[in-house]
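Have a look at the structure below before the remarks.
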Amino acid sequence: MKNSEIAARLRELGDLYELDGAVSYRVLAYKQAAKAILDSPVSVTQMAEQGRLEELPGVGKTIAEKVSALLAEGEIPAARKLKERIPATLVDMLRIPGLGAKTVRAIHDQLGIEDLAQLQAAAEQQEIRGLKGLGAKAEENILKGLAGLEARGADEERILLSHVLPLAERLAADIGAHPACDRLEIAGSARRMVETCKDIDLIASSDQPADLVTAFVGHELVDEARSKGEAGASVLTHHGTKVDLRVVAPDQFGNLLQHFTGSQAHNVQLREAAVKQGLSVSEYGVAETESGESLRCRTEAEVYERLGYRYIEPELREGRGELEAARTDALPELIVDKDIRGDLHCHTTLSDGRSTLREMASAAKRMGYGYLAVTDHSASHGFGDHVTADQLRKRIDEVRNLNDELKRFTLLVGSEVNIGTDGSLDYPDELLAELDWVVASLHTSFRMGDAKLTARMIMAAEHPYVDCLGHPTGRLIGRREPYGIDIERVCAAAAETGTMIEINANPNRRDLSEHHARLANEAGVRIVINTDAHGVDTLAENMRYGIATARRAWLTKADVANTLPWSRFAKLRKRAG
DNA sequence: GCCGTTTTCGGCCCGACTGTTTTCAGTCG
């Protein structure tokens, strides 16, 4: 069973317990365990088989037993029992904004309503207002919420970071340049460079907040203001993206930015630890519980310092051990954009790229890189984009000639070779030996079973001319789940054979994920960050998302091979040793 | 239900908003 499915079942159980009136902390425990399972880089099913479930943060004896039961029987006995008393369809109602467990339970118990259709009918017939604490407004919100659910479908609307960031950066630049603006930063999940975002948070400081809010609401990207006040506003852009602006006085900017950057898990852990020191943290300051005296901070660094921590980079603020590391001076010095010296996975018009060899080479050189490996698809690639062995031989000459023209830049000839269903590659070894660099990737037969996929990847890693594994789990964020390969075994094989593994920086992929990249690094695998660019535009644009994934995986410059100049990188390739 | 530089029991962030209420419960981020 996939981690995402186990997590969904635990979330459902948490919802059922909540509807059953369980104490909130018990409900929270299930949600946190579900999150930990979703974030687990390795198969939780496999962890269960090995009796390792309790290694997951937030999973104790009880939840471990429930996961084991789920895997053995296909369902959790506790959930089955709850469903005898509480219709499972009530869980759907919790997705209506403003409706929580208490309200849903009251509607069910007192009106006998069991699903969304009955809820709609009751709201239309004004039956809801008969309940204590609910009125006409509640009915209105329920109908609005139901319409919203229908409109956006079953999936929670999360937007790819690469769609959110340009919008956020444009707004930040424009609002930040307003005369009334003192400081302005993007906050929230976009600042943490999470793969997908729900909305955009902007934090500003100003002595004339009203002017700033007016400028924000009137911006040309803004469609409508949903609410607007002295301290900020919430708007929808023409894209339909929600953007919140919060404005404070300059001396509280650090507190507000820290609060709204999150994540929730990070803030909860930060605040729990603060309480034990007799301090209380909020978006307005760090207060001493005893005296009530509050410290206002202009910068986030002051907030962390007051609590006994070194400054923590936003990408690390996920409640994954960063507070402990910040307290003991054990934070990694994260890789930064300018550390990257070359790119080792891109395409040209020879296969499915949009730019020519020369255009890609010039663009890479302009960007300040020292080298670029051109890796078009291989002989068995479909869609008319395949490259025959003869075409590749011609390409080798073409690259050598162009390379002679380029000063202080190394153009490398490579290939992104398909890993066949039997683990073999689709060029002869003699040809692969002539290349500077080979990325091996899966492009076909994803559904042949996890064990076979794992075997294919391991065979590729063991091949003497495979320098690197490309987009190893094949996921497309929000569209296609990763293959269920045994990432621990693939990493072990890669570390053993000296095969590198890429973080594919395409913002739709980010593959390795941050969780897998952290695991791979700890397993001793050498990581490369590649754009998989299909044109000069994405050659420049994609890299930041790969860097972001690396940073969220706690990687330093030393952990990533293409921070080295080509002369040193070249010696790290398997074929060089 | 989880977890331990004050705890194996008794804690488990902080504040705003909404809609319904005359002081608050429920929900949300």
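Letters A, B, ... mirror the listed sequences (proteins, then strands); counts begin at 1.
Near DNA chain B, defined here as any heavy-atom distance below 4.0 Å, the residues from residues 27-38 of chain A are A:Ala29, A:Tyr30, listed numerically. Contacts with DNA chain B (heavy atom under 4.0 Å) in residues 287-319 of chain A: none are found. Using a 4.0 Å cut-off on heavy atoms, the residues of residues 110-136 of chain A that approach DNA chain B are A:Gly133, A:Leu134, A:Gly135, A:Ala136, listed by number.
Between the CG atom of A:Asn141 and the P atom of B:dG26 there is a distance of 17 Å, given to the nearest Å. Separating the CD atom of A:Glu139 from the C1' atom of B:dG19 is a distance of 13 Å, rounded to the nearest angstrom. The CG-P distance, from A:Leu19 to B:dG26, rounds to 14 Å in whole Å. As rounded to whole Å, 12 Å separates atom P of B:dT27 from atom CG of A:Asp15. Rounded to whole Å, the distance from CE on A:Met93 to P on B:dG26 is 18 Å. A:Glu324 has its CD atom 9 Å from the P atom of B:dT5, to the nearest Å. Summarising the geometry, the separation between CZ on A:Phe260 and C1' on B:dC28 is reported as 11 Å, rounded to the nearest angstrom. Taking atom CZ of residue A:Arg158 and atom C1' of nucleotide B:dG29, one finds them 12 Å apart after rounding to whole Å.
Of the charged side-chain nitrogens involved, none lies within less than 4.0 Å of a carboxylate oxygen, so that A:Arg246 and A:Asp244 do not count as a salt-bridged pair. A salt bridge between A:Glu318 and A:Arg192 is present, with a side-chain N of the basic residue lying under 4.0 Å from a carboxylate O of the acidic one. Using a 4.0 Å cut-off between charged side-chain N and carboxylate O, A:Arg327 and A:Glu324 make a salt bridge. Using a cut-off of 4.0 Å between Lys/Arg side-chain N and Asp/Glu carboxylate O, A:Arg544 and A:Glu169 are scored as salt-bridged.
Legend: salt bridge (Lys or Arg N to Asp or Glu O under 4.0 Å) pairs involving residues 208-224 of chain A, not counting sequence neighbours, sorted by first then second residue: A:Arg170-A:Glu220. Listed by first and then second residue, the salt bridge (Lys or Arg N to Asp or Glu O under 4.0 Å) pairs that reach into residues 56-74 of chain A are A:Lys61-A:Glu65, sequence neighbours excluded. For residues 5-39 of chain A, every residue pair satisfying the ring-ring contact (aromatic ring centres under 6.0 Å, His included) rule, not counting sequence neighbours, is listed here: A:Tyr17-A:Tyr30. Within the structure, salt bridge (Lys or Arg N to Asp or Glu O under 4.0 Å) pairs that include any residue of residues 33-45 of chain A comprise A:Lys35-A:Asp39, A:Asp39-A:Arg320 (at least two apart or interchain).
OP1 or OP2 of B:dC3 has not a single side-chain nitrogen or oxygen of A:Lys61 nearer than 4.0 Å. A:Lys102 has a side-chain polar atom (N or O) that falls below the 4.0 Å cut-off from OP1 or OP2 of B:dG26.
Residue A:Ala274 is classed as having no contact, given no heavy-atom separation below 4.0 Å to the nucleic acid. Using a 4.0 Å heavy-atom criterion, one finds that A:Ala101 contacts the sugar-phosphate atoms exclusively.
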Are A:Asp115 and A:Thr89 close enough, and set up right, to give a side chain to side chain donor-acceptor pair (under 3.5 Å), and what steps lead you there?
CA-CA 5 Å; A:Asp115 59 30; A:Thr89 44; 5.4 Å; no
Go through the steps to decide whether A:Tyr545 and A:Glu195 satisfy the test side chain to side chain donor-acceptor pair (under 3.5 Å), and finish with yes or no.
CA-CA 9 Å; A:Tyr545 301 101; A:Glu195 291 158 2; over 6 Å; no
I would like to know whether A:Arg306 and A:Glu288 meet salt bridge (charged side-chain N to carboxylate O under 4.0 Å, His left out); could you show each step before the answer?
CA-CA 11 Å; A:Arg306 176 68 184 93; A:Glu288 285 183 26; 3.6 Å; yes
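Comparing B:dT7 with B:dC12, their C1' atoms are spaced 12 Å from each other, to the whole Å. Using atom P as the reference point in both B:dG26 and B:dT21, the two lie 13 Å apart (nearest Å). If you take atom C1' in B:dT6 and the same atom in B:dG11, they sit 12 Å apart, rounded to whole Å. The P atoms of B:dG10 and B:dA16 are separated by 32 Å, rounded to the nearest whole Å. A distance of about 9 Å separates the C1' atoms of B:dA25 and B:dT20, rounded to the whole Å. If you take atom C1' in B:dT22 and the same atom in B:dC13, they sit 29 Å apart, rounded to whole Å.
The side chain of A:Tyr284 lies closest to B:dA16, out of B:dA16, B:dT6, B:dT27.
Qualifying side-chain contact (heavy atoms from CB on, under 4.5 Å) partners for A:Ser24, counting only residues two or more places apart in sequence or in other chains: none. Residues meeting the side-chain contact (heavy atoms from CB on, under 4.5 Å) test with A:Gln126, sequence neighbours left out: A:Arg129, A:Glu139. Residues satisfying the side-chain contact (heavy atoms from CB on, under 4.5 Å) test with A:Val336, not counting sequence neighbours, are A:Lys338, A:Asp339, A:Arg551.
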Enumerate donor-acceptor pairs with a distance under 3.5 Å from any side-chain N or O in residues 270-280 of chain A to protein atoms, sequence neighbours excluded.
residue, atom, partner, partner atom, Å
A:Arg271, NE, A:Val281, O, 3.4
A:Arg271, NH2, A:His259, ND1, 2.7
A:Gln277, NE2, A:Leu307, O, 3.4

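Nearest heavy atom pair, residue A:Ser40 against residue A:Leu56, reads CB-CD2, 3.9 Å.
Summarising the base pairing, B:dG29 is matched to B:dC14 through a Watson-Crick or G-U wobble pair whose two defining distances lie under 3.5 Å.
Both A:Gly98 and A:Gly60 lie close to DNA chain B; mapped to their nearest nucleotides by heavy-atom distance, the more 5′-ward contact belongs to A:Gly60. Of the residues near DNA chain B, A:Glu54 and A:Glu18, the one whose nearest nucleotide (by heavy atom distance) lies more toward the 5' end is A:Glu54.
Taking the O4'-C1'-N9-C4 or O4'-C1'-N1-C2 dihedral as appropriate, B:dT7 has a value within 90° of 0 and is therefore syn.
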Heavy-atom contacts, protein to nucleotides 9-14 of chain B, under 4.0 Å, summarised as B (base), S (sugar-phosphate only) or - (none) per nt, yield ---BBB
